[in-house]
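Every value quoted in this text rests on a predicted model; they were computed, and no experiment measured them. Naming: A, B, ... by sequence-line order, numbering from 1 per chain.
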Amino acid sequence: MSIFEGQGASASGGGKGQVKIMLNGKEREVVDDTTVLGLLNELDIKPQGIAVELNLEIVSKSKYNETVLKDRDKVEIVRMVGGG
Amino acid sequence: MNFTEEQIERYSRHIILPEVGGKGQAKLLNSKVFVLGAGGLGSPALLYLAAAGVGTMGVADGDCVDLSNLQRQIIHDTSKVGLHKALSAQKSIEALNPDVKVVTYKERLNADNIRDIIKNYDVLLDGSDNFPTRYLMNDAAFFEKKTLISGSMFRFDGQVTIFKPHAGHPCYRCLYPEPPPKGLVPSCQEAGVLGALAGVVGVIQAVEAVKELLSIGNTLAGHLLIFDALGMTFRKVKVKRDPECALCSEKATIKKLVVYEEACEIQAAKCGA
């Protein structure tokens with residue numbers, strides 16, 4: 001049982017707890033075990049055209065599905081720019 | 001290498017830096033740098049590298065100077081409107097520093113010519129304005145084992161990094177595996193950009209080029225520098241090689257240059273000269 005049980009776990013979390021992350025400078029709660037890919041799905045952001053920065057390190061696209069977000073993680077969605 | 005008296009005076013502020021010295025300055029004068037795009041990023045990068053005495057500079061651009069370029073493309077001026085950008089840049093560089101030999105490429109780079117063109121240079125700078133060209137340059141640099149200093153910008157945002165997979169660092173595809181789908185990321189003429197932002201990003205590329213040529217300091221290889229002009233923040237983040245990278249990993253599937261479709265209409269350049 002999560003220690004966050006009863007602190008407003010969302011229905012989709014199936015009784016899971018939540019972790020607080022900083023997403024592009026703003027606090028956001030996600031359910032336990034949310035991966036980078038899960039977060040992008042939740043935000044309805046397609047992985048093309050962006051990079052995901054986790055605690056000042058870019059997460060390789062091949063690791064999106066295995067990188068689990070932890071409490072107090074700092075996540076930035078970096079948009080690709082191509083102008084010169 | 002023997003400097004002329006004029007060269008000793010011209011490069012004196014470099015030569016007195018212990019990290020550069022006469023040896024480093026001589027190295028710059030014997031260096032060859034290729035700059036893709038004589039636009040917003042290429043303009044300041046070319047000017048500073050020319051001023052620094054980089055001995056040979058390749059300038060590639062298929063466009064001609066347009067009045068709307070002059071808000072940021074400071075290597076060109078009003079009298080150059082209508083000229084090929086590569087030739088206009090050459091004139092400015094030669095006026096700034098006669099030590100620099102300029103090689104111009106007025107043709108658009110493509111899968112057939114890019115590798116032959118870049119293989120003669122020590123360091124490459126990407127200041128191009130579209131994704132297909134950026135991927136072409138990245139892939140060609142990988143196959144030719146050349147260090148690629150990449151700058152890009154949009155509105156108030158800039159990004160700079162160095163791709164150096166031949167030295168264990170990531171390539172463009174480790175960071176962004178594929179070009180964005182058409183329409184997702186605005187580019188080309190429809191995008192506004194703060195003129196002075198081009199100076200910030202292009203000059204950082206020039207700084208990194210000099211450091212790479214002289215092997216001094218810590219460069220942006222393995223890092224992405226993200227600049228937000230409105231917030232006036234710089235963030236430096238780590239980038240690792242993607243072990244699944246389609247280009248530079250052991251599992252690579254890309255074995256030759258890939259040609260992507262242009263998201264924007266490319267108008268054939270009809271320059272006055």
- How far apart are the closest heavy atoms of B/Pro44 and B/Leu41, and which atoms are they? CD-O, 3.3 Å
- Message: When you compare the side chain of B/Phe131 with that of A/Met80, does any pair of heavy atoms fall below 4.5 Å?
- Response: yes
- Note on the structure: Among B/Ser128, B/Ser43, B/Gly42, the residue with the most heavy-atom pairs under 4.5 Å to chain A is B/Ser128
- Taking atom types as modelled, find out whether B/Lys80 and B/Ser92 have a side-chain donor-acceptor pair closer than 3.5 angstrom. yes
- Scan A/Asp73, A/Val52, A/Val75 and name whichever one has a side-chain contact (heavy atoms from CB on, under 4.5 Å) with A/Leu39. A/Val75
- Does CD belonging to A/Glu66 count more than 12 external heavy atoms closer than 6.0 Å? yes
- Query: Should the pair B/Tyr135 and B/Tyr260 be assigned to parallel (<30°), tilted (30 to 60°) or perpendicular (>60°) ring geometry?
  - Reply: perpendicular
- Just wondering, do B/Arg173 and B/Asp139 contact through their side chains at under 4.5 Å, heavy atoms? yes
- Ranked by heavy-atom pairs below 4.5 Å to chain A, first place among B/Pro177, B/Ser150, B/Gly37, B/Gly39 goes to B/Pro177
- Structural part of B/Ile226 lying under 4.5 Å from a heavy atom of chain A: side chain
- Note on the structure: Note: vs chain A, highest number of non-hydrogen pairs under 4.5 angstrom among B/Arg134, B/Glu178, B/His223, B/Glu244 is B/Arg134
- Message: Counting only non-hydrogen atoms closer than 4.5 Å, can you tell me which residues of residues 231-242 of chain B sit against chain A?
- Response: B/Arg235, B/Lys236, B/Val237, B/Lys238, B/Val239, B/Lys240, B/Arg241, B/Asp242
- Heavy atoms only, distances under 4.5 angstrom: which of A/Asn55, A/Ile58, A/Val59 has the most pairs with chain B? Name it, please. A/Ile58
- Item | Within the 6.0 Å centroid threshold, strictly below: B/Phe34 and B/Tyr105 | yes
